[in-house]
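Any value given below was found using the heavy atoms of this structure, including those in side chains, with hydrogens, waters and symmetry copies removed.
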Protein chains: 2
Amino acid sequence: MTRKTAQARRVEVLGETVRQIRAGGMSALRVADVAAAMDVSAALIIYHFETKEKLLAEALMYAAESDLRKLGRIMREPGTPATRVMAALEWYAPTGRARGWQLWIDAWSFSMRDKVLAKVLVDLQGQWTDAIGGAIDEGVAEGVFTTENSRDAATRLTSMLDGLAVRMLVHQERIGRLELHAWLARQVELELGETARKAIACGVNNSIP
Amino acid sequence: MTRKTAQARRVEVLGETVRQIRAGGMSALRVADVAAAMDVSAALIIYHFETKEKLLAEALMYAAESDLRKLGRIMREPGTPATRVMAALEWYAPTGRARGWQLWIDAWSFSMRDKVLAKVLVDLQGQWTDAIGGAIDEGVAEGVFTTENSRDAATRLTSMLDGLAVRMLVHQERIGRLELHAWLARQVELELGETARKAIACGVNNSIP
DNA sequence: ATGCAGACTGAATAGCCATTCAGTAAGAAT
DNA sequence: ATTCTTACTGAATGGCTATTCAGTCTGCAT
């Protein structure tokens, strides 16, 4: 058994934990399984994380951080506010089997009983809302978007996507990429005005063939 | 200990189970707690339901059925399609502390691992979509609503409400009754055309002071 | 009255898993 | 080399709860 620094080991454990949650859901997660997959003892996990609950919270933070890094990258990319908003929403949106979403639906359920988890989620959602809301504000400043309240608009847009994720994962509805995109574009037009739609249509032609 | 017919006892147990799930969530549910609240033995619960998992599935069905009965009542009430659609959506919408919704968010999470539960949920959502979609169709026939596909419109509307429920319960966002109503009305207008808004405005003045 | 079906119970049982703990050893520091 | 920190382990332990089981009791049918 090669020893590793605590830091390296923690990251390794978090990665495996997230992988297993994605595969089987949070309630099926066993400390022993994570350990077995890494070929270490279960005691090691507890040694590094103290309790399973804390492991779970940290694992979610870990997953959230990687999501947020991606969001940051999208927001820093060159382009208009319209393309940025749309890129962010498209990436937020559930696609295909929506693997990643199962994690968050589980997290919603767990967070209602775990304050630490709840805080992670509030924070994560806050950052999404701020990022998208911020891009909307830019668009408003440039005169491309129209909205009363950019945060509220962002909330409604992401809420609809959350709901659609539930439709796809829980209710097994198949919603195609194009269909989803069309729904999203409609919604963006309602929220941000018709000039938004035109701005988006241009951006989209560049990124979606 | 007064003895009851199996049927009566089962209903009683289901009621208490749903109450406890609403109060503390599905994962906190203990057979012993349900029994204690009814002042019977835990063995009795198992005697009637065989296993906790089956109890859970039946309890969700029970909750779903009572929701659907209410939906049926709303749909049979006299009034225009516009008032019916709006009444259904208003009732579906999360309000206040949105107690009832915790149950369904839990159910989403559980259903991803339990096929029986998944089926209950698919069915429940199907009936909501059909009911709202049906009322929309009526409205279209009367020329009040305009939409390409009534089921898709119903899906989008209920999806947004699901997402808002998550915002309220998980992310602790306070969305006021009036605000929610305004958002809903906007959305209905987008989905069903502007004559829908007017029709709704009339109906709403009757029911909301 | 008597029997009987079946609702109901108390007291085990048993399985599952997180967590503990006493100790081992790897690698850095000296 | 020796020490020392600390990552790591194997083998308990302990707590929690669903489930079982061997009966008990109740109200109905005969």
Side-chain angles (χ1 to χ4, degrees), chain A residues 1-21 23-62 106-107 109-111 113-117, chain B residues 1-21 23-60 62 106-107 109-110 113-117:
Chain A
M1 200 55 31
T2 40
R3 291 158 66 107
K4 313 211 173 177
T5 65
Q7 177 56 16
R9 196 56 112 177
R10 286 174 64 89
V11 172
E12 214 180 335
V13 173
L14 290 173
E16 181 58 35
T17 301
V18 170
R19 197 168 312 129
Q20 295 211 7
I21 293 176
M26 280 180 115
S27 62
L29 186 83
R30 311 278 154 232
V31 174
D33 292 345
V34 176
M38 297 175 58
D39 205 36
V40 294
S41 71
L44 176 67
I45 313 270
I46 298 299
Y47 172 71
H48 282 300
F49 291 89
E50 236 175 322
T51 129
K52 181 189 174 182
E53 232 179 61
K54 289 185 186 164
L55 168 64
L56 258 153
E58 286 211 49
L60 274 226
M61 273 169 155
Y62 180 77
D106 265 345
S109 171
F110 268 66
S111 74
R113 260 148 271 126
D114 181 333
K115 293 206 162 184
V116 182
L117 261 192
Chain B
M1 202 55 29
T2 40
R3 292 159 65 106
K4 314 212 172 176
T5 65
Q7 176 57 16
R9 197 54 112 178
R10 287 174 62 89
V11 172
E12 215 179 334
V13 172
L14 290 174
E16 181 58 34
T17 302
V18 170
R19 198 168 313 128
Q20 295 211 7
I21 294 175
M26 279 180 121
S27 63
L29 186 83
R30 311 279 155 232
V31 174
D33 292 346
V34 175
M38 295 175 59
D39 206 37
V40 296
S41 71
L44 175 67
I45 313 271
I46 298 299
Y47 172 71
H48 282 300
F49 292 89
E50 235 175 324
T51 131
K52 181 188 173 182
E53 228 179 65
K54 289 185 186 164
L55 168 64
L56 258 154
E58 286 210 48
L60 273 225
Y62 180 78
D106 267 345
S109 171
F110 268 65
R113 259 147 269 126
D114 181 332
K115 294 206 163 184
V116 181
L117 262 192

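Between Met38(B) atom CE and dA7(C) atom P the separation is 14 Å, expressed in whole Å. In this structure, Glu12(B) atom CD and dA7(C) atom C1' are separated by 13 Å, rounded to whole Å. Rounded to whole angstrom, the span from the CZ atom of Phe49(B) across to the P atom of dT17(D) amounts to 20 Å. Spacing between atom OH of Tyr47(B) and atom C1' of dG10(C) amounts to 17 Å, rounded to whole angstrom units. Going from atom CD1 of Ile45(B) over to atom C1' of dG10(C) covers 15 Å, rounded to whole Å.
No donor-acceptor pair under 3.5 Å is formed between the side chain of Glu16(B) and the backbone N or O of Ala35(B). Between the side chain of Arg9(A) and the backbone N or O of His48(A) there is no donor-acceptor pair closer than 3.5 Å.
Using a cut-off of 4.0 Å between Lys/Arg side-chain N and Asp/Glu carboxylate O, Asp114(A) and Lys54(A) are scored as not salt-bridged.
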* **Summary of protein contacts for nucleotides 14-19 of chain C, nucleotide by nucleotide, where a base hit scores B, a sugar-phosphate-only hit scores S (4.0 Å, heavy atoms)** => ---SSS
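Distance check: Asp39(A) CG to Leu44(A) CG gives 11.5 Å after rounding to the nearest 0.5 Å. For the atom pair Glu12(B) CD and Lys4(B) NZ, the distance stands at 4.0 Å (nearest 0.5 Å).
Side chain of Leu44(A), nearest nucleotide from dT9(D), dA7(C), dT9(C): dT9(D).
At a cut-off of 3.5 angstrom, counting only N and O atoms as typed in the model, there is a donor on one side and an acceptor on the other between the side-chain of Arg3(B) and the base of dC25(D).
Within the 4.5 Å cutoff, no side-chain heavy atoms of Val34(B) are placed close to those of Arg30(B).
In this model, the phosphate group of dG6(C) is not approached by any side-chain N or O of His48(B) to a distance below 4.0 Å at OP1 or OP2.
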